[in-house]
Amino acid sequence: MKRIFVIITLLAAAPVCADGNENLAPAATNQKWKTECSACHIAYPPSLLPERSWRKMMGGLDRHFGQDASLDGPTAQEITAFLVNNSAERGANKRAKKVLGSLGPNETPLRISETAWFVRKHDEVSPQVWKRPKVGGPANCLACHGGAERGDYSEHQIRIPR
Ligand code: HEC
Ligand code: HEC
């Protein structure tokens, strides 16, 4: 009898949002991507944008959100291949499929934060919160997701700065 109660307790404690605890770090990393693409912000999870977005972004690094993020040819090629191999189409996580499903066939967003998936997942964050100095906008994942650099976006790691 005691054992049955233990099993019921364990089932009740299982997370409601099954994909909420999935880690978004790519299965195998790439040193150049890690170094070059985390110089100004965190290295964003490649699985949160489709292949076409990464190719477009990597083709215009000299004009990257108002900054020059250019790389030499071989480095750019290696990073592009890595991003494409871990893009939303190939990412082996449930969120990758949701990101992809949220985009129209002709949509090529350059921002994760502009995908319909992202907007929906963050609808509880008010415009005033995005504007707080310690947040600084949706691109600053690390402001609220303390585990962002490790690919950990789980709920218990979220803390919105005041
Ligand atoms: C010289 C600085 C710099 C480097 C290097 C850099 N970025 Fe950025 N990146 C930026 C800035 C600035 C933004 C806009 C941030 C904002 O809106 O607050 C940005 C935004 C982004 C975004 C959109 C974030 C969002 O969802 O709103 C992605 C994706 C991105 N960068 C990918 C990359 C990749 C991939 C690399 C490596 C090839 C890279 N960045 C290297 C400066 C840089
Ligand atoms: C202002 C704080 C804030 C910032 C900045 C922020 N997020 Fe979030 N994020 C949240 C909140 C709040 C939730 C909702 C948690 C929930 O559903 O309970 C969330 C949820 C998520 C989830 C979980 C969605 C799911 O499947 O349940 C992911 C993944 C995520 N954010 C990624 C990002 C990424 C990537 C960035 C940067 C491009 C980012 N967030 C920027 C606050 C933030």
Side-chain angles (χ1 to χ4, degrees), residues 15-26 29-88 91 93-103 107-162:
V16 189
C17 175
D19 48 330
N21 289 323
E22 252 181 352
N23 192 287
L24 292 184
T29 192
N30 174 285
Q31 205 44 55
K32 290 199 173 111
W33 166 71
K34 244 189 142 170
T35 309
E36 303 294 346
C37 301
S38 68
C40 304
H41 46 63
I42 63 151
Y44 296 108
S47 62
L48 298 184
L49 281 177
E51 171 174 346
R52 58 187 184 274
S53 294
W54 292 124
R55 288 198 186 281
K56 189 174 172 190
M57 184 179 300
M58 293 303 289
L61 284 180
D62 55 329
R63 285 168 290 107
H64 180 78
F65 303 94
Q67 302 219 9
D68 185 355
S70 321
L71 296 166
D72 64 78
T75 305
Q77 255 174 23
E78 185 179 323
I79 294 176
T80 304
F82 170 77
L83 291 167
V84 165
N85 281 331
N86 291 280
S87 62
N93 65 66
K94 288 184 194 145
R95 294 211 194 89
K97 290 190 180 67
K98 289 183 181 170
V99 171
L100 213 52
S102 83
L103 297 175
E107 243 185 299
T108 306
L110 292 184
R111 285 184 179 274
I112 295 164
S113 59
E114 281 175 358
T115 63
W117 166 83
F118 184 98
V119 174
R120 187 169 65 234
K121 284 295 175 185
H122 293 84
D123 63 355
E124 67 185 67
V125 181
S126 70
Q128 297 92 294
V129 169
W130 292 125
K131 286 189 200 119
R132 284 182 190 158
K134 284 183 185 159
V135 176
N140 191 11
C141 321
L142 195 57
C144 306
H145 296 280
E149 278 167 318
R150 301 186 305 277
D152 183 352
Y153 290 85
S154 57
E155 271 163 58
H156 62 272
Q157 293 278 359
I158 301 177
R159 227 190 115 262
I160 300 178
R162 292 266 124 212

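Read the numbers this way: they start at 1 and go in the same order the structure lists the ligands and their atoms. Everything quoted here is computed from the prediction, not taken from an experiment. The figures here come from the full heavy-atom set of this structure, side chains too, leaving out hydrogens, waters and symmetry mates.
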Ligand 1 to Ile112 polar contact by distance, N or O atoms, under 3.5 Å: yes
Any N or O of His122 closer than 3.5 Å to N or O of ligand 2: yes
Under 3.5 Å: N/O of Arg95 near N/O of ligand 2: yes
Is the backbone N or O of [Y] less than 3.5 Å from a side-chain atom of [X], with the two atoms forming a donor-acceptor pair by type?
X      : Y      : result
Trp117 : Arg95  : no
Asn140 : Val135 : yes
Glu36  : Leu71  : no

Within-shell test, Met58 vs ligand 1, heavy atom, strictly < 4.0 Å: yes
Run the numbers for me: atoms of ligand 2, each under 4.0 Å from some heavy atom of [X], listed by number.
X      : answer
Pro138 : 37 (C), 38 (C), 41 (C)
Leu48  : 35 (C)
Ile158 : 11 (C), 13 (C), 15 (C), 19 (C)
Cys144 : 1 (C), 2 (C), 3 (C), 4 (C), 5 (C), 42 (C), 43 (C)
Glu155 : 16 (C), 18 (O)
Glu124 : 12 (C)
Trp130 : 1 (C), 3 (C), 4 (C), 5 (C)

Can you pull out the closest protein heavy atom to [atom]? Residue, atom name and distance to 0.1 Å, please.
atom                    : result
atom 25 (C) of ligand 1 : Ser113 OG, 3.3 Å
atom 14 (C) of ligand 1 : Phe65 CB, 3.7 Å
atom 36 (C) of ligand 1 : Cys37 SG, 3.0 Å
atom 12 (C) of ligand 1 : Gln67 NE2, 3.5 Å
atom 1 (C) of ligand 1  : Cys40 SG, 2.8 Å
atom 29 (C) of ligand 1 : Met57 CE, 3.5 Å
atom 15 (C) of ligand 1 : Ala139 CB, 3.9 Å

Heavy-atom gap Ala143 to ligand 2 smaller than 4.0 Å: no
Whether Trp130 and His122 hold their rings parallel, tilted or perpendicular, with breakpoints at 30° and 60°: tilted
Contact partition for Leu110 relative to ligand 1, non-hydrogen atoms under 4.0 Å: backbone
Student check: side-chain heavy atoms of Gln157 and Arg150 closer than 4.5 Å: yes
Validation row: Leu103, Arg52 side chains within 4.5 angstrom (heavy atoms): yes
Per-atom contacts, ligand 1 versus Ala69 - under 4.0 Å to a heavy atom: 4 (C), 5 (C), 6 (C)
Angle subtended at atom 8 (Fe) of ligand 1 by His64 NE2 and His41 NE2, rounded to 10 degrees: 180°
